[in-house]
Amino acid sequence: FHQDNICKSLHSVFLFTFVYILHSFTTFLELGLYLFRYMELKKKVLNGGGVNAIAHHTQKNKKVLVRDRLRMLLDDEDYLELSPFAGFGLPYGDIPSAGCITGIGKINGLWCVFIANDATVKGGTAYPITVKKQLRAQEVSMQNRLPCVYLVDSGGAFLPLQSDIFPDKNHGGRIFYNEAVMSAVKIPQVALVCGSCTAGGAYVPTLAEEVVIVHSIGTIFLAGPPLVKAATGEEVIPEDLGGATLHSEVSGCVDHFAAVESEGYECTRNIISTLNFELPEENTTEVEEPLYSAEELMGLAPKSYNYSMDVRLIVCRLTDGSQLQEFKARYGTTLLTGFARIEGHQVGIVANNGELTYEASLKGSHFVQLCDQRDIPLIFLQNTAPQPVHTLSQAKGSMMSAVACASTPKITVVIGGCHGGDSYAMCGRAFDPNFLFLWPNARVSILAPGHADALVQEERETVHINEQLKKESTAFFSSGRLWDDGVILPQDTRKVKFTMQKHKCSAV
Ligand code: COA
């Protein structure tokens, strides 16, 4: 080398190293921020309605906190909480856990959906997001045929937002409608009244099939003592108006009287053991762990579409023994399809590995139909191109049809981007997956931030829309609005494991 060339080469090497270190640092920083936000929201969720409301609930009202209630209701093992971050960042404020905790857990060995009001959040009243969360939990119960248990402690509708809760089809009344329909299709429902059930809160236990009430803290009435006084002039205490004694001895509205809260959970657990309800047998064969550590998944989570790596690096950290029997490995290579086992369950994996081309869509459509024909549940690992599709090919339409019509259980995990029409073909929320989870780095929007120029010509508007996309596409923005079933850490993806059969699927 000429000395000049050596200098130039050294300069390039330094520049490259500097850019590489800077990029690694910003990626590291960004991943750290996702994790920080995740932890921050988790802490807020655990704090419910705040210190004062917790003191009011436990000391004045002498009630147990909702998460401790769940510990008494459920078997002593892990349970899956659905959409814990729902309710954050809404136009009407932050509503921790949307005012109610929902999820799936075992009661006396039987997987059940639970819906538990958190009365530390404005007396357990129902905001629009609370209604949405309860409806989603009922949908999970119906779609997967799981019994549903309600822990009711609610002041009914949050009155200032009544027009967003009462009149429409998917507003509050739908919860009661669903209860009736669920009973008709033989999905058992049990309610435990462990607080005030006023107005809308009163319908939930009344429509359940078997009801327990806790003495002195449980009440059921359409209007409380202040309204009785206003309407009739009569002074009455809550216990006499609709307490445990009245409803278990006079109205017959409830079936079991529990003297204290702990007895209420014991009684509810006993009821579950009499349901005579059977779920598919669980896999008991020994499970092979992946050969590569799941801890590395956070580092592999695509920061943006530009940084996507071969999706096999992710798949081999999710499947048993890191195995995947690829289907059509040499055709439509921007979509990875194949059979694998996760925690012993056979699944079909459909994972984006680049743009969803004509060939990739054709392959996706073929594979989805194959899994449907063989009753094999589908796992979609979604990371779609940042821009909406400008042309909808027949192949993409065919994949969308195959996904929509497949009756096998479907679970979508957004590992990167969820944008435009490709997200439909990859079983986005509108395509009704049994569950949809997001990694914290996920972006959900019609097109990814920075790509507004694909749709908008005017420069100032482009900048404005890009900013809006950046703000509105984060995983936490999505989860706050219940567009998914929760944000999960990449390393926990296998732990959110699934027990599935056709039309029956429970996640833990
Ligand atoms: N709409 C809006 N806010 C309500 C509400 C409702 N229906 N019910 C209660 N709240 C608010 C209270 O104003 C209070 O707010 P704050 O903490 O900012 O002061 C908070 O929820 C807790 O209520 P509070 O009465 O202090 O707690 P409590 O545990 O003693 O009683 C209830 C809780 C729900 C039993 C009681 O508030 C009640 O009976 N509310 C009226 C219920 C009703 O009539 N609903 C009709 C809906 S159609």
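Reckoned from all heavy atoms, side chains included, excluding hydrogens, waters and symmetry mates. Numbering of ligands and ligand atoms starts at 1, following listing order.
Partners of Glu235 according to the salt bridge (Lys or Arg N to Asp or Glu O under 4.0 Å) rule, which considers only residues two or more places apart in sequence or in another chain, are Lys229. The side-chain hydrogen bond (donor to acceptor under 3.5 Å, both in side chains) check on Asp75 picks up Arg269, with sequence neighbours excluded.
Within 4.0 Å of ligand 1, counting heavy atoms only, the contacting residues are His56, Asn61, Lys122, Gly123, Thr125, Gly155, Ala157, Phe158, Leu159, Pro160, Ser196, Thr198, Ala199.
Within a 6.0 Å radius of OH in Tyr177, other residues, nucleotides and ligands contribute 12 heavy atoms or fewer. Around atom OH of Tyr92, more than 12 heavy atoms belonging to other residues, nucleotides or ligands sit under 6.0 Å away.
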Per-pair distances, 0.1 Å, donor-acceptor, side chain in residues 164-175, under 3.5 Å, sequence neighbours excluded:
| from | atom 1 | to | atom 2 | distance (Å) |
| --- | --- | --- | --- | --- |
| His171 | ND1 | Asp168 | N | 3.0 |
| His171 | NE2 | Asp164 | O | 3.2 |

Exercise. Evaluate the criterion salt bridge (charged side-chain N to carboxylate O under 4.0 Å, His left out) for residue pair Lys43 and Glu40; output intermediate values, then yes/no.
Key: CA-CA 5 Å; Lys43 201 167 145 201; Glu40 184 188 39; over 6 Å; no
